[in-house]
Protein chains: 2
Amino acid sequence: MTRVLVIDDEPQIVRALVINLKARKYEVDAAHDGATALRLAAARHPDVVVLDLGLPDMDGVEVIKGLRGWTRVPILVLSARHSSDEKVEALDAGADDYVTKPFGMDELLARLRAAVRRAEPAGGEEEDVIVETAEFTVDLAAKKVDRGGRDVRLTPTEWHLLEVLVRNTGRLVGQRQLLQEVWGPSYGTETNYLRVYMAQLRRKLEADPSHPKHFITEPGMGYRFER
Amino acid sequence: MTRVLVIDDEPQIVRALVINLKARKYEVDAAHDGATALRLAAARHPDVVVLDLGLPDMDGVEVIKGLRGWTRVPILVLSARHSSDEKVEALDAGADDYVTKPFGMDELLARLRAAVRRAEPAGGEEEDVIVETAEFTVDLAAKKVDRGGRDVRLTPTEWHLLEVLVRNTGRLVGQRQLLQEVWGPSYGTETNYLRVYMAQLRRKLEADPSHPKHFITEPGMGYRFER
DNA sequence: GGGGCGCGTCAGGGTTGCGTCAAGGACGCC
DNA sequence: GGCGTCCTTGACGCAACCCTGACGCGCCCC
């Protein structure tokens with residue numbers, strides 16, 4: 001869940017923000033002055049900060065600088081000041097966005113989403129899916145198979161077949177499903193393809209290809225990969 | 001130098017932006033419609049995009065989506081529309097900021113700086129920008145390749161290709177991904193480019209170009225850089 | 001006990017993909 | 001305006017991959 005830190009000394013603004021954010025499943029912390037804000041930020045590590053520049057105890061720009069000293073968390077500034085200088089100062093101090101009051105809640109939330117989105121890791125869906133067995137190791141992200149310290153060379157079809165099986169580790173994968181995922185939706189009965197390529201996978205990966213321990217045949221149904 | 005792509009169909013706005021940006025040592029490209037914009041973005045790989053939503057040939061949001069299909073470059077939207085819905089739509093489509101016309105040049109430049117700043121590599125300190133192999137050393141930050149104490153001269157395309165591969169050291173990079181990252185999103189099947197440039201990289205960097213140890217071909221799938 | 005079915009294995013041939021070379025053309029620099 | 005660099009494009013040989021058919025074996029059902 002995304003954690004938001006709201007910093008504003010006007011209770012009604014804080015209330016409105018908190019209600020709207022919580023309704024959208026954000027986790028919300030609130031602070032009414034700069035000192036509390038800096039303490040909360042350090043303690044809670046929010047994913048995004050909404051900061052009103054007009055605080056009772058310190059200048060909002062100082063809060064920005066205080067945060068930027070140790071974190072790159074997105075900072076969305078709220079302010080009643082429309083002056084261009086104020087905006088430039090806040091942005092150059094390290095703010096990510098600047099919204100003037102009164103603001104539309106929809107717009108603020110959209111800007112918040114934008115700020116959170118671009119803070120996400122660049123890779124996107126980089127799950128390091130690595131599956132190990134006693135004989136070999138499959139790295140799905142790098143498309144690599146290691147066996148006894150040496151890379152095993154797989155052809156595209158072999159790799160594709162292995163990938164489908166490994167993503168369903170422990171589950172039976174029907175022959176029709178295998179054929180359609182690897183060879184395309186118009187295939188479904190050419191089980192001889194499967195036999196040939198399963199044999200090649202076993203030859204390259206199994207310790208004893210004629211008695212496979214990982215690529216298991218379920219006669220009449222399909223194949224199963226076991227670690 | 002930071003490269004900016006300005007997209008607007010009003011000549012006076014473009015002129016004002018170009019003059020102000022160039023005065024501040026930005027490198028500027030300009031486009032007057034969406035199609036040109038997408039083409040220029042692919043060809044020039046700007047560091048930040050300034051986009052007017054009101055274009056003659058296509059909806060500005062479509063331009064955003066077209067860019068977001070293959071790049072995370074910061075997009076700063078300009079628009080005459082003040083409506084909240086427009087802002088939300090553009091921001092949710094992938095824009096980073098939204099400025100309504102008329103705008104103050106100081107503010108726009110400050111928002112531009114903020115967008116560029118946060119797009120910079122997160123690490124800040126020396127990350128793994130230097131990759132060493134037995135034969136050569138690649139310095140991603142300095143854009144330099146050293147081999148046996150001497151700089152290796154690489155053309156822009158060669159360098160770009162090398163950069164993508166090195167940033168994915170050990171991982172397989174698909175030919176489609178390579179083509180799109182180096183030549184732009186409209187490429188994906190011109191694998192002969194890859195063959196030519198991989199050969200040039202190997203000739204310049206491998207000890208034995210005909211038996212590459214670092215730039216490895218995975219037939220039918222792509223290429224992999226190994227240290 | 002015999003036949004049928006499904007699976008594993010092997011080898012050959014068509015096709016695809018890769019590496020290499022060279023020439024044409026665009027672009028920028030002097 | 002000439003020159004050089006870089007990108008693009010085509011052709012060609014070769015290796016690897018994918019498909020295909022044939023054969024043997026074990027299991028199940030009749």
Side-chain angles (χ1 to χ4, degrees), chain A residues 143 145 151-162 165 172-176 178-179 181-184 186-224, chain B residues 27 29 39-40 42-45 143 145 151-163 165 172-176 178-184 186-224:
Chain A
K143 279 199 169 34
V145 180
D151 278 2
V152 180
R153 172 142 287 192
L154 295 182
T155 72
T157 310
E158 287 164 6
W159 173 261
H160 207 152
L161 183 59
L162 174 64
L165 288 169
L172 170 71
V173 188
Q175 357 198 34
R176 166 169 235 93
L178 276 174
L179 282 164
E181 291 215 35
V182 177
W183 279 269
S186 59
Y187 293 78
T189 57
E190 296 81 349
T191 56
N192 46 329
Y193 294 9
L194 290 179
R195 292 205 292 278
V196 171
Y197 278 91
M198 285 303 301
Q200 290 182 1
L201 273 185
R202 296 205 254 241
R203 194 177 320 132
K204 290 185 179 179
L205 298 179
E206 291 273 3
D208 181 1
S210 56
H211 299 94
K213 283 164 49 186
H214 302 105
F215 299 96
I216 301 175
T217 304
E218 301 283 359
M221 307 177 60
Y223 294 87
R224 188 156 40 90
Chain B
E27 197 171 328
D29 296 315
R39 194 168 43 74
L40 266 181
R44 306 270 297 165
H45 287 270
K143 287 206 190 312
V145 181
D151 274 6
V152 180
R153 266 182 60 82
L154 294 182
T155 71
T157 308
E158 286 164 7
W159 172 260
H160 206 151
L161 183 59
L162 175 64
E163 191 176 9
L165 288 169
L172 173 76
V173 188
Q175 12 199 34
R176 166 165 298 254
L178 276 174
L179 282 165
Q180 296 198 343
E181 293 216 31
V182 177
W183 278 270
S186 60
Y187 293 78
T189 56
E190 296 80 351
T191 56
N192 46 331
Y193 293 10
L194 290 179
R195 294 206 294 277
V196 171
Y197 277 91
M198 286 303 300
Q200 291 181 359
L201 274 185
R202 296 206 253 240
R203 195 176 318 132
K204 291 185 179 180
L205 298 178
E206 291 273 3
D208 180 0
S210 56
H211 299 94
K213 284 166 48 188
H214 302 106
F215 299 96
I216 301 177
T217 304
E218 298 284 359
M221 308 202 290
Y223 294 87
R224 181 203 314 277

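Per chain, numbering begins at 1; letters A, B, ... match sequence-line order. What you see is a predicted model, and the numbers here were worked out from it, not measured in a lab.
- What separates CH2 of Trp159(B) from P of dC6(D) is a distance of 15 Å, to the nearest Å.
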| message | Strictly under 4.0 angstrom, non-hydrogen atoms only: write out the protein contact profile of nucleotides 23-30 of chain C, one letter per nucleotide from the 5' end, B, S or -. | response | --------
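- Side-chain contact between Leu178(A) and Tyr193(A) is absent, with no heavy-atom pair separated by less than 4.5 Å.
- Across the protein-nucleic acid pair, Met221(B) atom CE and dA16(D) atom P stand 15 Å apart, rounded to whole Å.
- For the pair Trp183(A) and dC18(D), the criterion of a side-chain N or O lying under 4.0 Å from OP1 or OP2 is not met.
- Using a 4.0 Å heavy-atom cutoff across all strands shown, Arg153(A) reaches no nucleic acid atom at all.
- Distance, Glu218(A) CD to dC28(D) P: 14 Å, rounded to whole Å.
- Using a 4.5 Å heavy-atom threshold, the side chains of Trp159(B) and Val145(B) count as touching.
- Residues Leu201(B) and Leu154(B) have side chains in contact (heavy-atom distance under 4.5 Å, counting atoms from C-beta outward).
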| request: Decide side chain to side chain contact (heavy atoms under 4.5 Å, CB included) for Leu179(A) and Arg176(A); before the verdict, give the C-alpha distance in whole Å, the side-chain angles of both, and the deciding distance to 0.1 Å. | output: CA-CA 5 Å; Leu179(A) 282 164; Arg176(A) 166 169 235 93; 5.9 Å; no
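- Phosphate proximity of dC18(C) to Thr217(B): absent, as no side-chain N or O sits under 4.0 Å from OP1 or OP2.
- When each of Thr217(B), Leu161(B), Val173(B) is checked for a side-chain contact (heavy atoms from CB on, under 4.5 Å) with Tyr223(B), only Thr217(B) meets the rule.
- Rounded to an integer number of Å, the gap from Arg44(B) CZ to dC7(D) P is 14 Å.
- A donor-acceptor pair under 3.5 Å links the side-chain atoms of Glu206(B) to the main chain of Lys213(B), judged by distance alone.
- For the pair Pro209(B) and Pro212(B), the tightest heavy-atom approach, listed with the atom from each and the gap, is O-CD, 3.7 Å.
- The nearest whole Å value for the distance from the CG atom in Leu179(B) to the P atom in dT9(D) is 12 Å.
- With axes fitted over five pairs at each extremity, the angle between the ends of the helix from dG1(C)-dC30(D) to dC30(C)-dG1(D) is 30° (10° resolution).
- Of all heavy-atom pairs spanning Leu172(B) and Lys143(A), the tightest one is CD2-CD, 3.0 Å.
- The side-chain heavy atoms of Leu194(B) and Trp183(B), taken from C-beta on, include a pair separated by under 4.5 Å.
- Within the 4.5 Å cutoff, no side-chain heavy atoms of Leu165(B) are placed close to those of Arg224(B).
- Side chains of His214(A) and Leu205(A) form no contact here, defined as non-hydrogen atoms less than 4.5 Å apart.
- Between Ile216(A) atom CD1 and dG8(C) atom P there is a gap of 12 Å when expressed in whole angstrom units.
- Protein atom CG of Leu154(B) is 14 Å distant from nucleotide atom C1' of dT5(D), rounded to whole Å.
- The phosphate of dC18(D) (OP1 or OP2) has a side-chain N or O of Thr155(A) nearer than 4.0 angstrom.
- In this structure, of dC18(D), dC7(C), dG19(C), it is dC7(C) that holds the atom nearest to the side chain of Gln175(A).
- For Glu158(A) and Lys204(A), the salt-bridge test passes: some basic side-chain N is under 4.0 Å from an acidic carboxylate O.
- Contacts of residues 186-211 of chain B with DNA chain D (heavy atom under 4.0 Å): Tyr193(B), Val196(B), Tyr197(B).
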